[in-house]
Number of protein chains: 2
Amino acid sequence: MPHDHAEACPGCADPSAAFAPHDHTHCAADVLARAEVLAGAAGARLTPVRRRVLEILLESHRAMGAYDVLNRLSAEGFGNQPPVAYRALEFLEEQGFVHRIRRLNAFAACMHPGESHAPVFLICRTCQSVAEAAGAPVRAAVEAAAAGMGFAVERTTVEALGLCPACAGAAA
Amino acid sequence: MPHDHAEACPGCADPSAAFAPHDHTHCAADVLARAEVLAGAAGARLTPVRRRVLEILLESHRAMGAYDVLNRLSAEGFGNQPPVAYRALEFLEEQGFVHRIRRLNAFAACMHPGESHAPVFLICRTCQSVAEAAGAPVRAAVEAAAAGMGFAVERTTVEALGLCPACAGAAA
DNA sequence: TCTATGTATGTAATATCATAACACGTCAAG
DNA sequence: CTTGACGTGTTATGATATTACATACATAGA
Ligand SMILES: [Zn+2]
Ligand SMILES: [Zn+2]
Ligand SMILES: [Zn+2]
Ligand SMILES: [Zn+2]
């Protein structure tokens, strides 16, 4: 995650920025730029629809349903049938640019693409914002629990529902 | 989990039994009996539909979709509309007798009702069996990651997709 | 240049999962 | 006996996701 301007870039240096006010324009532009580089390096084509879907998801630290994305796309002249959105989302997920939030049947942009990470998603039940926390220890704990039963873990889904700092403060 | 006949009861004494051959008739009967006691104690009514749904889910260490459950119910003379199944499943989930497996959009019977547990679900991608591992350390790791971002965790979803011992053995 | 090939997009149709709203029956308290 | 809570049944609809097929577009030989 650290990149050349990390000091000047709270959203990039601090994962908790998702729950705090920050220069999200920069946050989004930075992630998008990194995704373009990564896609090029992987020989994957970040076509207009795919790029636009990523941009749309990057507009906020929220998850969006496939149909919400689709509505945006069709309003902008892209196709208006579900596969248009689902295919782009699937591509972005394969590339690690987007994560699926199963609890919400929705998708959120990855805020640190390219880094190998076992994300833990923190979903605020009040403001719907979604943040990605570092999940290496969680993943290790899951592996340990699975190993005890002889189970070989391939992929994990870890999602926590609760209150983000702002909403917890407002509630109290 | 340990109960009066735990020694004679592999399925009850050993959580990894879900992935191993065992006397599942006993396994299921035992869980059902415990659920009945717990429901009584909680003042909740384990009516015929609800009880039957639990029995159906207890037939195997698998997750079933709501409509699969519904098909079984309607074949047995209960209602044949989705709310019949969803309501029973919702009740059972509230009582802690059933868990929702989000990755599969499906439901699985809880194999140790009444124990406070933060389950980790291990889902075999080959045989579709689902086991519940002890997740207290996982939960703790999630709490720790969340605390670092000021997030208050209320509920967690932890699911691992991979290969159960039998399928891993068959693959190798 | 001209195809052949793979890949991306568009569209129609359908499948799958889930809930809202209302009607009816039962039973226990008042 | 009425009322109110609860459970069940049914209709209708909404939300999410995929299959199948058609079309466009890129790029790599011939
Ligand atoms: Zn941001
Ligand atoms: Zn990520
Ligand atoms: Zn069993
Ligand atoms: Zn359980």
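Protein chains get the first letters and strands the later ones, always in sequence-line order, with residue 1 at the start of each. What you are looking at is a predicted structure, and each value in this text was computed from that prediction instead of being measured.
- When the P atom of dC6(D) is taken as reference, atom CZ of F91(B) falls 13 Å away, rounded to whole Å.
- Under a 3.5 Å cut-off, the side chain of H22(A) and the backbone N or O of A20(A) do form a donor-acceptor pair.
- Separating the CG atom of L73(A) from the P atom of dG10(C) is a distance of 9 Å, rounded to the nearest angstrom.
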Next on the checklist: What verdict does the side-chain contact (heavy atoms from CB on, under 4.5 Å) test give for I56(B) and M64(B), after you've listed the backbone C-alpha separation in whole Å, the side-chain angles of each residue and the deciding distance to 0.1 Å?
Outcome noted: CA-CA 9 Å; I56(B) 289 168; M64(B) 287 180 79; 3.6 Å; yes

Next on the checklist: Could you go through L122(A) and V120(A), starting from their C-alpha distance and side-chain angles, then the distance that decides it, and tell me whether this counts as side-chain contact (heavy atoms from CB on, under 4.5 Å)?
Outcome noted: CA-CA 7 Å; L122(A) 307 178; V120(A) 170; 4.0 Å; yes

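- Picking from dG7(D), dA8(C), dG10(C) the nucleotide with the shortest atom distance to the side chain of R50(B) gives dG7(D).
- What separates CG of L70(B) from C1' of dA18(C) is a distance of 12 Å, to the nearest Å.
- For E94(A) and dA8(C), the CD to C1' distance is 13 Å, given to the nearest whole Å.
- A straight line from CG of L89(B) to P of dC17(C) spans 13 Å, rounded to a whole angstrom.
- Atom CG of L104(B) sits about 13.5 Å away from atom CZ of R125(B), to the nearest 0.5 Å.
- Not a single donor-acceptor pair under 3.5 Å links the side chain of E159(B) to the backbone N or O of T156(A).
- For the side chain to side chain contact (heavy atoms under 4.5 Å, CB included) criterion with L58(B), the lone passing option out of D30(B), V31(B), V53(B), T25(B) is V31(B).
- One N or O on the side chain of E132(A) and one on the backbone of M111(A) form a donor-acceptor pair closer than 3.5 Å.
- The separation between F78(B) atom CZ and dT10(D) atom C1' is 17 Å, rounded to whole Å.
- Side-chain nitrogen and oxygen atoms of N80(B) include none within less than 4.0 Å of the OP1 or OP2 phosphate oxygen of dG9(D).
- Here the CZ atom belonging to R103(B) is positioned 14.0 Å from the CZ atom belonging to F121(B), to the nearest 0.5 angstrom.
- Both tests pass for R50(A) against the ring of F91(A): distance under 6.0 Å to the centre and angle within 45° of the axis.
- Here dT8(D) presents its P atom at 12 Å from CD of E90(B), a figure rounded to the nearest Å.
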Checklist outcome for this item: Whether each nucleotide of nucleotides 14-29 of chain D has a protein heavy atom under 4.0 Å at its base (B), only at its sugar-phosphate (S) or at neither (-) is summarised, 5' to 3', as --BBBBB---------

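- A heavy atom lying under 4.0 Å from DNA chain D marks none of the residues of residues 55-63 of chain B.
- An end-to-end axis angle of 10° holds for the helix from dT1(C)-dA30(D) to dG30(C)-dC1(D), taken from five base pairs per end and rounded to 10°.
- With respect to the salt-bridge test (charged N to carboxylate O, under 4.0 angstrom), the residues R72(A) and D68(A) do not qualify.
- Classification of E90(B) and R87(B) as a salt-bridged pair fails, no side-chain N sitting under 4.0 Å from a carboxylate O.
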